[in-house]
Every structure is written in C-alpha cells, then in structure tokens.
Amino acid sequence: MHRAGLALCAVALVAGGRVEAADKAEADAFPNYETYIKVTGQGAAISGNKAAFQNRTRQDSDGAVGIEDLHATKNISKTTTLTLDGHALAGAEDYLGQFNLTKNEVGSIEAGYKRFRTFYDGVGGFFPLNSQWLPLQNEDLHIDRSRFWVEAKVNLPSAPVFTLQYTNELRNGRKDSTIWGDTDFTGLPNNVAPISQVRKLVPSYLNIGERHEALELSMRKTVKHTSVFVQLTGDRTSNLNT
C-alpha cells in the first residue's frame, strides 16, 4: 500500500508539471497569423482599335500590374481578431482596402474603400451613302465607380443586435451615348424633298458625376420564436450628369 501511494503521488506530480508547462507555453506563444499576398502583371499586344479592345475585354490596353490579392489575419487576443483584405492593380484602376475588427460577445467594426473602372468606346457612327465615319475625337472613355463604407455592430449576449452603417458611392467619368447631333457631312443634297442634308450623325458622350450616400441604423432581437427587426434609413443622391 505504501508503494502504491508513492506511485500515485509521482503520477500526480508529473501531470501537474505537464499542465504548468502547457500553460506557460500557451502564454509565451506568438499570435496566430494567416497572411498571403499575390502579385501579378499582364499586358496585351494590340494591332487594332485599343478602345474597342478595352470595351470588349474590360481591361486597359496598356495592361495592369500590382497586388492581385492580399489577406492578413491576426489574433490580437483570445477574443479579438483583426482581418485585412485588399488589392491594388494600376492600369486597370482596380483597388480595394478593408479591415474588420471583431471581439467575441461584444461586436465588430468594419471599414473599407473599393474602386474599379469600366471602359467604353466612343466609336461614333457610319453613314454608308458617302462612307462617312464619325467617331469621337477621343474614343478612350471610362467611368470610375467607387464605394466607401463604415459599419459598427454591437452584439452583446442576451441583448438586441444594433448595427450602424454609412456608405458613400461615387460614379465619375465619360461614356458613349445613343443621343446624336445634327451634321451636314452626309453628302446628301438638301434641295430635293423630303431628303434633308441635316442628319442625326454626330456622336456624343455623357459626362457622369453622381454621388449616393446612405445612413442606416437597425435593431434585431429574437424572442422565443419571434424575430423583431427595426430599421431607420437616411438617403441622399446628387447627380450632375450632362
């Protein structure tokens, strides 16, 4: 019996030593990271119309280079996590940057900015009777679309979930239009009725300048089998298109 008691005490001491060592190793451990970055570059050899290529492929004729994808995650503490995402492609004018900070049983905050470019072709029009082609002086047209947002969420245990979000969206640039102006470059006589020398054949473009802002405050609560959702929204739009 005496030997058995000594053996049990020895096992207890070894187990206690392992638990203490594990706790110390966990306390001294580095934060967990999950990070990757992808860098890319691309280009095209074009023998035809560059604006037509951009409009068809949705890519810049000069190519693009930069960070195609970036992701980083860090555990700041046992209950708090920071996440970063983004990309930046010069030439394609495609950008994204956002971060998210989340704390368990408390809430989260997120903010970001996104921008990308859409290409258009100011090719104009063609009048077959005199083989007159009337393109825009600058066929390389594009519109940049961007969005900025901030969102804060409070998610406490056994309490309603409150969310506050603000977004600001922009659209700026030039694009081709189906509206045509008058021209006398058709070569048709204007002294034989009902033929008129003036035809709708001058191409045009649209100047785009738009802003859309929205502010939303919401509350969500589930009571047994019933879910209650309340939302207040403010919205403002400013368009200066010509």
Side-chain angles (χ1 to χ4, degrees), residues 36-72 84-100 110-128 130-151 165-183 185-186 199-214 235-242:
Y36 60 84
I37 182 171
K38 183 179 180 182
V39 179
T40 186
Q42 60 181 3
I46 305 170
S47 59
N49 187 280
K50 292 185 177 181
F53 168 83
Q54 295 180 157
N55 184 43
R56 184 177 67 256
T57 64
R58 303 301 181 187
Q59 299 179 11
D60 191 274
S61 59
D62 295 329
V65 63
I67 300 174
E68 183 177 344
D69 193 13
L70 180 147
H71 177 78
L84 301 174
D85 290 283
H87 60 255
L89 293 174
E93 303 304 316
D94 189 359
Y95 305 99
L96 170 66
Q98 66 178 21
F99 82 92
N100 181 284
E110 179 179 301
Y113 175 78
K114 180 179 182 180
R115 174 184 168 187
F116 66 96
R117 175 167 292 182
T118 304
F119 297 94
Y120 297 91
D121 185 7
V123 64
F126 176 73
F127 194 70
N130 65 342
S131 299
Q132 183 70 35
W133 187 280
L134 295 175
L136 289 174
Q137 184 177 2
N138 181 17
E139 297 184 34
D140 184 4
L141 306 177
H142 60 264
I143 289 181
D144 291 323
R145 293 169 169 84
S146 59
R147 180 174 183 261
F148 169 78
W149 73 93
V150 177
E151 180 181 286
Q165 183 183 58
Y166 168 77
T167 59
N168 188 348
E169 297 179 291
L170 300 174
R171 200 165 75 111
N172 295 284
R174 290 181 177 180
K175 62 178 297 186
D176 55 317
S177 171
T178 56
I179 302 173
W180 295 85
D182 295 335
T183 179
F185 293 153
T186 59
R199 307 298 292 263
K200 300 289 186 178
L201 204 65
V202 172
S204 61
Y205 58 85
L206 296 176
N207 273 325
I208 304 298
E210 300 176 353
R211 180 189 297 271
H212 177 214
E213 294 178 279
D235 192 280
R236 182 173 65 177
T237 301
S238 176
N239 292 339
L240 298 174
N241 299 331
T242 58

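Since the model is a prediction, treat every value here as computed from it, not as a measurement. We use all heavy atoms of the structure for the numbers below, so side chains are in, but hydrogens, waters and symmetry mates are not. One is the number of the first residue; the rest follow in order along the sequence.
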Going by the side chain to side chain contact (heavy atoms under 4.5 Å, CB included) test, name the single residue among Asn172, Thr242, Leu240 that passes it with Asn207.
Thr242
Just verifying a value: how many Å separate Asn239 CG and Arg211 CZ, rounded to the nearest 0.5 Å?
11.0 Å
Using only heavy-atom distances, determine whether the side chains of His212 and Asp235 contain a donor-acceptor pair under 3.5 Å.
yes
Of Arg147, Arg145, Glu93, the one forming a side chain to side chain contact (heavy atoms under 4.5 Å, CB included) with Phe116 is Arg145
Of all heavy-atom pairs linking Ala92 and Ala64, the shortest is N-CB, 3.7 Å
Are Glu169 and Trp149 close enough, and set up right, to give a side-chain contact (heavy atoms from CB on, under 4.5 Å), and what steps lead you there?
CA-CA 9 Å; Glu169 297 179 291; Trp149 73 93; over 6 Å; no
Residue pair Asp69 / His87, side-chain donor-acceptor N/O under 3.5 Å:
no
Atom CG in Asp121, atom CD in Glu139: separation rounded to 0.5 Å?
5.5 Å
Check whether Gln54 reaches the backbone of Ser61 with its side chain - one donor and one acceptor, N or O, closer than 3.5 Å.
yes
Hey, what do you get for CG (Leu170) to CD (Glu213), rounding to the nearest 0.5 Å?
8.5 Å
Which atom pair, heavy atoms only, marks the closest approach of Arg115 to Asp144?
NH2-OD2, 3.3 Å
Counting only heavy atoms not in Tyr205, do more than 12 sit closer than 6.0 Å to its OH atom?
no
Which heavy atom of Ser177 sits nearest a heavy atom of Leu206, and at what distance?
CB-CG, 3.9 Å
Which heavy-atom pair separates Phe148 from Gly112 by the least distance, and what is that distance?
CD1-O, 3.3 Å
Asp140 vs Lys50, test: salt bridge (Lys or Arg N to Asp or Glu O under 4.0 Å). Steps then yes/no.
CA-CA 8 Å; Asp140 184 4; Lys50 292 185 177 181; over 6 Å; no
State, to 0.1 Å, how close Tyr95 and Ala90 come at their nearest heavy-atom pair, and which atoms those are.
OH-CA, 3.8 Å
Hey, is the main chain of Ala88 close enough, under 3.5 Å, to the side chain of Asp94 for a donor-acceptor pair?
no
Answer whether the closest heavy-atom distance between the side chains of Val123 and Asn49 falls below 4.5 Å.
no
Is it true that the side chains of Asn241 and Glu210 contain a donor and an acceptor less than 3.5 Å apart?
yes
When rounded to the nearest 0.5 angstrom, what is the spacing between CG in Leu89 and CG in Asp60?
11.5 Å
On a heavy-atom basis, which atom in Val150 and which in Ala111 lie closest, and how many Å separate them?
CG2-CB, 4.1 Å
Are side-chain heavy atoms of Asp85 and Asn100 found at a separation under 4.5 Å?
no
Calculate, to the nearest 0.5 Å, the distance between atoms CD1 and OH belonging to Ile208 and Tyr120 respectively.
8.0 Å
Under 4.5 Å between any side-chain heavy atoms of Arg56 and Phe119, yes or no?
no
Heavy-atom side-chain proximity of Ile37 to Ile67 below 4.5 angstrom
yes
Atom OG in Ser204, atom CG in Asp176: separation rounded to 0.5 Å?
9.0 Å
